[in-house]
Amino acid sequence: MWEQKLFMALLCSNIALLCLDMMAWGLDGRQGPYLALINITGYVLYYVLQPVTTFCWVLYVDYQIYYAKNRLKQLYLPLSLPLIIITLISILTPWTGHIFQVDANNVYHRGPYFLLFVGVVYIYLFYAMLLVLWNRKRINREHFVSMLLFLLPPTAAGIVQSKFYGISLLWGAMTLSILMIYLNIQNRRLHTDYLTGIFNRSQCDRYLTGEIQNCASGNSFAGFLMDIDNFKKINDELGHATGDEALVTTAHIIRNSLRKRDFVARYGGDEFIAFLDLQTRVELERAKERICMAMEEFNANGNKPYKLHLSIGCDLYDPRSGMSQDQFIRHIDELMYEDKQRNKRDRSSD
């Protein structure tokens, strides 16, 4: 998967830079056979990899926004031109001294083109930030904030580093930014449904296991299994793109009908599941009513070429029943099937 490959390239290049950074500061000024050669080679690799890391970040951001491999292939060459030029300058630097110099005492010094190099690195970072801002409406709000804030740690570190020569903070700060991206985007994607953005089935299984274990204290919870009625008709008559849109809309309606702390996941296909911390049947019916009313409100607006109706099976989990995870899912699935049959009879009698 391209997203994973780009993130791993970003992560691995940054780890390599951290290692080269530590090696450079450990060797700087030390005398010994071949140490100067090792030091120069390390600095060449260091300056080659820095724009590679920020270039990977640009590709990662672009893919997060558009999810288009062909677009990346088209942009790859024009975007990589500054990288190619600065890479060639970096490779030739041991002979030209353009970006850095290592003197006879094996001590590193910045070269006359050092600021040009820094400019290329930050051009990629700022280009990625502008890309995020320009496409903010296409990006999930949490992802938007994370990608926008990615620039802050390396920028702050770069300013400090430029003021206090000898302090190396940039790639440690970049590591912090990558960690933020991992926690808020990459790690979250492991637990969420690619299409709808709500939790996926594997996370649902883990969550339900925990809820049943917590019932040992006597507390209960409610489970809702929901299925879109006549979803195949939407796909067949309006196309799969419209069907996907209907799934996203349904997930949005269910999510907004419940509390923030309630768990909502796509169970599979056109089925959705939710677990709520409820203790009484009155609360259960109110929650079901909120979902149904939200669906009716959506259909009444008539902004889409389709209407959405849900069959809902819901019940409280009884801690004394000893029901397993699979048994409880089967139970609310049977209730959902009964609700679907009622809905068919009601619509056929209209």
Side-chain angles (χ1 to χ4, degrees), residues 192-193 195-201 203-204 207-208 210-212 214-215 218-234 243-321 323 325 327-350:
T192 55
D193 176 60
L195 178 65
T196 61
I198 58 177
F199 289 112
N200 57 24
R201 182 164 179 170
Q203 186 66 5
C204 163
Y207 187 88
L208 181 54
E211 285 291 279
I212 291 175
N214 291 336
C215 283
N219 292 325
S220 184
F221 67 92
F224 286 70
L225 190 59
M226 296 158 278
D227 178 88
I228 303 176
D229 294 339
N230 300 316
F231 178 71
K232 187 176 183 299
K233 185 178 179 181
I234 296 175
D244 287 347
E245 180 190 290
L247 290 170
V248 173
T249 301
T250 302
H252 181 75
I253 292 171
I254 295 171
R255 177 68 275 176
N256 287 348
S257 301
L258 302 175
R259 301 165 299 187
K260 286 186 177 181
R261 67 175 185 270
D262 295 331
F263 180 92
V264 179
R266 184 180 176 192
Y267 195 65
D270 60 335
E271 289 186 338
F272 298 85
I273 197 164
F275 300 114
L276 290 67
D277 290 328
L278 305 177
Q279 304 299 318
T280 67
R281 294 202 170 275
V282 173
E283 293 175 311
L284 182 77
E285 290 302 320
R286 285 176 181 169
K288 181 179 179 181
E289 186 179 351
R290 284 199 306 273
I291 297 171
C292 293
M293 287 180 63
M295 284 292 175
E296 289 175 9
E297 186 177 330
F298 168 81
N299 292 330
N301 287 334
N303 295 328
K304 300 293 181 182
Y306 53 83
K307 293 187 181 297
L308 294 172
H309 301 280
L310 289 177
S311 294
I312 303 176
C314 59
D315 203 359
L316 295 172
Y317 180 84
D318 185 356
R320 297 166 298 180
S321 67
M323 266 197 276
Q325 177 177 323
Q327 288 171 331
F328 184 62
I329 294 291
R330 280 199 298 271
H331 171 60
I332 57 177
D333 184 44
E334 289 169 0
L335 294 175
M336 183 184 73
Y337 178 77
E338 292 173 8
D339 191 51
K340 186 175 288 290
Q341 295 304 111
R342 281 194 297 271
N343 291 339
K344 284 182 180 178
R345 288 196 297 269
D346 292 342
R347 291 189 190 114
S348 63
S349 63
D350 289 343

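Counted within 6.0 Å of NE2 on H252, heavy atoms from surrounding residues, nucleotides or ligands total 12 or fewer; the atom is thus considered open.
Listed by first then second residue, pairs satisfying salt bridge (charged side-chain N to carboxylate O under 4.0 Å, His left out) with a partner in residues 294-312 read E245-K304, not counting sequence neighbours. Residue pairs satisfying the salt bridge (charged side-chain N to carboxylate O under 4.0 Å, His left out) criterion with at least one member in residues 265-274, sequence neighbours excluded, are listed as follows: D193-R266. Evaluation of the salt bridge (charged side-chain N to carboxylate O under 4.0 Å, His left out) test over residues 328-339, restricted to residues two or more places apart or in two chains, returns D339-R342.
Between atom CD1 of residue I291 and atom CG of residue L258 there is a gap of 4.5 Å, rounded to the nearest 0.5 Å. To the nearest 0.5 Å, atoms CG (N200) and CG (L195) are separated by 12.5 Å. Here M226 contributes atom CE and I254 contributes atom CD1; the two are 4.0 Å apart, rounded to the nearest 0.5 Å. Atom CG of L308 is separated from atom CG of N230 by 11.0 Å, given to the nearest 0.5 angstrom. For the atom pair T249 OG1 and D244 CG, the distance stands at 10.5 Å (nearest 0.5 Å). To the nearest 0.5 Å, atom SG of residue C314 and atom CD of residue E285 are 6.0 Å apart.
The nearest pair of heavy atoms linking R201 to Y267 is NH2-OH, 3.0 Å. In terms of heavy-atom proximity, D277 sits nearest to D262 at N-OD1, 4.1 Å. Closest approach of I198 and A265 over heavy atoms only: CD1-C, 3.5 Å. Across all non-hydrogen atoms, the minimal contact from G243 to I234 is CA-CG2, 4.1 Å. Heavy atoms only, all atoms of each residue included: S311 and N343 are closest at OG-ND2, 3.2 Å.
Partners of K232 by side-chain hydrogen bond (donor to acceptor under 3.5 Å, both in side chains), not counting sequence neighbours, listed by chain and number: D236. Legend: residues meeting side-chain contact (heavy atoms from CB on, under 4.5 Å) with M293, ordered by chain and number and at least two apart, are E289. Evaluation of the ring pair (Phe, Tyr, Trp, His ring centres under 6.0 Å) rule for F328 yields F221, Y317 as partners, not counting sequence neighbours. With sequence neighbours excluded, the residues forming a salt bridge (charged side-chain N to carboxylate O under 4.0 Å, His left out) with D318 are R320, listed by chain and number. Shown here are the salt bridge (charged side-chain N to carboxylate O under 4.0 Å, His left out) partners of D315, two or more places apart in sequence or in another chain: R281. Scanning for ring pair (Phe, Tyr, Trp, His ring centres under 6.0 Å) contacts around F298 gives an empty result, with sequence neighbours left out. Not a single salt bridge (charged side-chain N to carboxylate O under 4.0 Å, His left out) links R286 to another residue, sequence neighbours left out. Residues satisfying the side-chain hydrogen bond (donor to acceptor under 3.5 Å, both in side chains) criterion with T280, sequence neighbours excluded, are E283. In terms of the side-chain contact (heavy atoms from CB on, under 4.5 Å) criterion, residue partners of Q325 (sequence neighbours excluded) are, by chain and number, D205, L208, T209, I212.
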side-chain contact (heavy atoms from CB on, under 4.5 Å) between L310 and I228, intermediate numbers included: CA-CA 5 Å; L310 289 177; I228 303 176; 3.9 Å; yes

Steps toward side-chain contact (heavy atoms from CB on, under 4.5 Å) verdict (T196, T250): CA-CA 9 Å; T196 61; T250 302; over 6 Å; no

K233 vs Y306, side-chain contact (heavy atoms from CB on, under 4.5 Å): CA-CA, chis, key distance, verdict: CA-CA 10 Å; K233 185 178 179 181; Y306 53 83; over 6 Å; no

Test log, rule side-chain contact (heavy atoms from CB on, under 4.5 Å), inputs I253 and M295: CA-CA 7 Å; I253 292 171; M295 284 292 175; 4.0 Å; yes

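Using a 4.5 Å heavy-atom threshold, the side chains of F224 and L284 count as touching.
Screening L335, D229, I312 for a side chain to side chain contact (heavy atoms under 4.5 Å, CB included) involving K340 leaves a single residue, D229. The only member of F275, F199, F272 that meets side chain to side chain contact (heavy atoms under 4.5 Å, CB included) when paired with C204 is F275.
Under the 3.5 Å distance criterion, the side-chain polar atoms of R255 are matched with a main-chain donor or acceptor of R259.
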